[in-house]
Asks: 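Shown below is the structure under consideration.
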Amino acid sequence: MTEKVLIGIIGGSGLYHLDNLTFLKHVNPETPWGFPSSPISICSLPSGIQVAFLARHGTGHTISPSAVPARANIAALKSLGVRAIVAFSAVGSLREEISPGSFALPSQIIDRTKGVRAASFFEGTSIVAHASFGDPFSGKLVSWLEDRVRKALEQEGRGVKLFMDKCIVCMEGPQFSTRAESIMYRQWGGDLINMSVLPEAKLAREAELSYALIATATDYDAWRPHSDTVTAAEVFKTLKANADTSRLVAATVLDELHAAVSASGENFLLEQVGSMSFSIMPRSEKQDPEHRKKLAYVLPEYFSGEQQVN
Ligand SMILES: CSC[C@H]1O[C@H](OP(=O)(O)O)[C@H](O)[C@@H]1O
Ligand SMILES: Nc1ncnc2[nH]cnc12
């Protein structure tokens with residue numbers, strides 16, 4: 001690869017290609033956690049900047065949310081040199097004002113996955129780490145994106161609204177929520193709901209990658225007393241328009257984002273770099289060298305060579 005690929009885009013339901021960018025090639029890195037959901041497309045922007053695009057559920061939407069190989073996805077993107085990930089997701093709305101078609105940049109997550117998803121690169125190894133996850137999205141990346149996403153939505157001129165500072169519930173699926181669950185999530189403070197942001201955001205944090213989610217609302221889930229509850233068919237109705245807007249948003253923000261990442265010195269997109277140094281438990285002789293080798297794939301700074309972790 002001539003140019004380093006610093007930005008990764010993860011596309012969710014309905015967003016399987018960035019065909020408004022120039023496709024250059026596919027890469028399919030085999031990671032210690034297997035292959036990513038689909039081969040990663042390396043695309044170029046009009047400026048010549050290259051970005052990596054990965055379809056979370058595979059390009060034919062063949063992978064259900066619980067089976068997404070999230071560790072391979074994040075590890076593969078990092079192996080290409082990616083520093084910041086902008087992920088898209090189709091979400092249900094738990095608030096009247098967030099109507100289907102609206103976009104949001106959430107700031108918090110409530111975890112309602114059920115422990116069936118491998119959620120840590122350290123799982124199954126002899127090395128213990130407790131990543132800090134109080135602020136699950138990269139705040140500087142999110143606030144940088146706010147203006148650019150707003151600008152792109154204004155340029156598109158369809159009146160798509162952008163909501164900030166929302167809380168997203170991540171449920172297990174694949175079935176949608178019951179009415180009782182949907183109402184309870186509202187009482188808990190949830191504003192949005194999907195099945196995909198975890199463990200993706202946790203793994204990005206462990207890999208020291210900046211991560212932001214652009215949530216695109218498709219439905220009102222199951223909490224509205226006089227409305228039918230969400231069906232996949234209802235989601236599909238909004239999916240195409242949301243995906244078209246997402247492609248425009250991606251193209252608009254990517255050039256500037258890449259410039260910000262490439263810039264030397266104060267680089268707000270590198271805000272997670274070094275964060276795992278506070279998270280990995282001190283090295284002991286009991287750590288298996290094979291496990292250190294595996295972890296070096298995502299965290300070479302800590303696990304390649306013989307240096308002490310802490
Ligand atoms: C197709 S409706 C449920 C499905 O859509 C969302 O996918 P993604 O986040 O990848 O856009 C949601 O999380 C569920 O996986
Ligand atoms: N209502 C909903 N619940 C969970 N994931 C979703 N993705 C889109 N709509 C959703």
Asks: If we ignore hydrogens and angles and just use 3.5 Å, is the side chain of Arg148 paired with the main-chain N or O of Thr252 as donor and acceptor?
Replies: no
Asks: Is Asp228 atom CG crowded by more than 12 heavy atoms from other residues, nucleotides or ligands, each under 6.0 Å away?
Replies: no
Asks: Say whether, by atom type as modelled, one donor and one acceptor occur between the side chain of Ser37 and the main chain of Arg56 under 3.5 angstrom.
Replies: yes
Asks: Compare all side-chain heavy atoms of Phe103 with those of Ser246 and state whether any distance is below 4.5 angstrom.
Replies: yes
Asks: Between Asp147 and Lys151, does at least one N-O distance fall below 4.0 Å, as a salt bridge requires?
Replies: no
Asks: For Leu192 versus Ala104, what's the shortest heavy-atom pair and its separation?
Replies: CD1-CB, 3.9 Å
Asks: Does the side chain of His130 come under 3.5 Å of the side chain of Ser279 through a donor N or O and an acceptor N or O?
Replies: no
Asks: Decide if the gap between the ring center of His17 and the ring center of Phe53 is smaller than 6.0 angstrom.
Replies: no
Asks: Taking atom CD1 of Ile214 and atom CD1 of Ile9, what is their separation to the nearest 0.5 Å?
Replies: 7.5 Å
Asks: Could you walk me through whether Lys78 and Glu301 pass the salt bridge (Lys or Arg N to Asp or Glu O under 4.0 Å) test, one step at a time?
Replies: CA-CA 13 Å; Lys78 182 145 186 203; Glu301 306 80 353; 3.7 Å; yes
Asks: Should Ile85 and Ile74 count as side-chain neighbours, where that means a heavy-atom distance under 4.5 Å?
Replies: yes
Asks: I'd like to know if Lys202 pairs up with Glu206 as an ion pair, taking the criterion as any Lys NZ or Arg NE/NH1/NH2 lying under 4.0 Å from an Asp or Glu carboxylate oxygen.
Replies: no
Asks: Backbone N or O of Phe122 within a donor-acceptor pair of the Thr125 side chain at under 3.5 Å?
Replies: yes
Asks: For residues Asn194 and Ser196, is any side-chain donor paired with an opposing acceptor at under 3.5 Å?
Replies: no
Asks: Distance-only, no hydrogens or angles: does the Thr245 side chain make a donor-acceptor pair with backbone N or O of Ala241 under 3.5 Å?
Replies: yes
Asks: Same cluster for Val169 and Ile98 if Ile/Leu/Val/Met/Phe/Trp/Tyr side chains link at under 4.5 Å?
Replies: no
Asks: Given the rule that I, L, V, M, F, W and Y join up when any side-chain heavy atoms are under 4.5 Å apart, are Ile10 and Ile49 in one cluster?
Replies: yes
Asks: Just wondering, do Ser102 and Leu162 contact through their side chains at under 4.5 Å, heavy atoms?
Replies: no
Asks: Could you walk me through whether His57 and Thr62 pass the side-chain contact (heavy atoms from CB on, under 4.5 Å) check?
Replies: CA-CA 6 Å; His57 302 280; Thr62 48; over 6 Å; no
Asks: Let me confirm one number: the CG-CG distance from Asp221 to Leu94, rounded to the nearest 0.5 Å.
Replies: 5.5 Å
Asks: Would you find a donor on one side and an acceptor on the other, under 3.5 Å apart, between the side chain of Asn242 and the backbone of Ala217?
Replies: yes
Asks: Is it the case that the side chain of Ser138 and the backbone of Leu141 share a donor-acceptor pair, with hydrogens and angles ignored and the cut-off at 3.5 Å?
Replies: no
Asks: Do Arg117 and Glu172 meet the salt-bridge criterion of a basic N to acidic O distance under 4.0 Å?
Replies: yes
Asks: With salt bridge (Lys or Arg N to Asp or Glu O under 4.0 Å) as the criterion, how do Asp244 and Lys240 come out once you've worked through the C-alpha distance, each side chain's angles and the decisive distance to 0.1 Å?
Replies: CA-CA 6 Å; Asp244 289 344; Lys240 183 172 179 314; 2.8 Å; yes
Asks: Counting N and O atoms only, with roles assigned by atom type, does the side chain of Glu200 sit under 3.5 Å from a partner on the main chain of Val197, one being a donor and the other an acceptor?
Replies: no
Asks: Taking the six-membered ring for Trp, are Trp33 and Phe121 parallel (under 30°), tilted (30 to 60°) or perpendicular (over 60°)?
Replies: perpendicular
Asks: State, with a plain yes or no, whether a side-chain heavy atom of Tyr297 is found less than 4.5 Å away from one of Ser304.
Replies: no
Asks: How about Ile42 and Val27: do any of their side-chain heavy atoms sit closer than 4.5 Å?
Replies: yes
Asks: For a 4.5 angstrom cut-off between non-hydrogen side-chain atoms, does Ser107 reach Met164?
Replies: no
Asks: For Arg224, is there an ion pair with Glu96 - N to carboxylate O distance below 4.0 angstrom?
Replies: yes
Asks: Which value, rounded to the nearest 0.5 Å, describes the distance between Ser93 atom OG and Lys166 atom NZ?
Replies: 9.5 Å
Asks: Would you say that Glu146 contacts Trp144 through its side chain, given a criterion of any heavy-atom pair below 4.5 Å between the two side chains?
Replies: no
Asks: Is it true that a side-chain atom of Glu208 and a backbone atom of Leu299 form a donor plus acceptor pair closer than 3.5 Å?
Replies: no
Asks: Tell me whether the NZ or CZ atom of Arg186 lies within the 45° cone about the ring axis of Trp188 and under 6.0 Å from its centre.
Replies: no
Asks: Can you label the angle between the Tyr220 ring and the Trp223 ring as parallel, tilted or perpendicular, going by 30° and 60°?
Replies: perpendicular
Asks: Can you tell me if Asn73 uses its side chain to pair, donor with acceptor, with the backbone of Pro36 under 3.5 Å?
Replies: no
Asks: Which of these passes side chain to side chain contact (heavy atoms under 4.5 Å, CB included) with Leu213: Ile109, Leu105, Ile168?
Replies: Ile168
Asks: Rounded to the nearest 0.5 Å, what separation is found between the OG atom of Ser132 and the CE atom of Met276?
Replies: 10.0 Å
Asks: Using a 3.5 Å distance criterion without hydrogens, assess whether the side chain of Ser143 forms a donor-acceptor pair with backbone atoms of Gly139.
Replies: yes
Asks: If you measure from CG on Asp191 to CD1 on Ile110, what distance do you get to the nearest 0.5 Å?
Replies: 8.5 Å
Asks: Is the shortest distance from a Lys or Arg side-chain nitrogen in Glu97 or Arg95 to a carboxylate oxygen in the other one below 4.0 Å?
Replies: no
Asks: Test side-chain contact (heavy atoms from CB on, under 4.5 Å) on Arg83 and Leu270 and set out the steps.
Replies: CA-CA 7 Å; Arg83 298 293 197 146; Leu270 300 181; 4.0 Å; yes
Asks: Are there over 12 heavy-atom neighbours, none belonging to Phe236, within less than 6.0 Å of that residue's CZ?
Replies: no
Asks: Measuring only between side-chain heavy atoms, which start at C-beta, is Phe303 closer than 4.5 Å to Ile280?
Replies: yes
Asks: Rounded to the nearest 0.5 Å, how far does OH of Tyr302 lie from CG of Leu295?
Replies: 12.5 Å
Asks: Of the non-hydrogen atoms in Ser38 and Gly58, which two are nearest, and what is the gap between them?
Replies: CB-CA, 4.0 Å
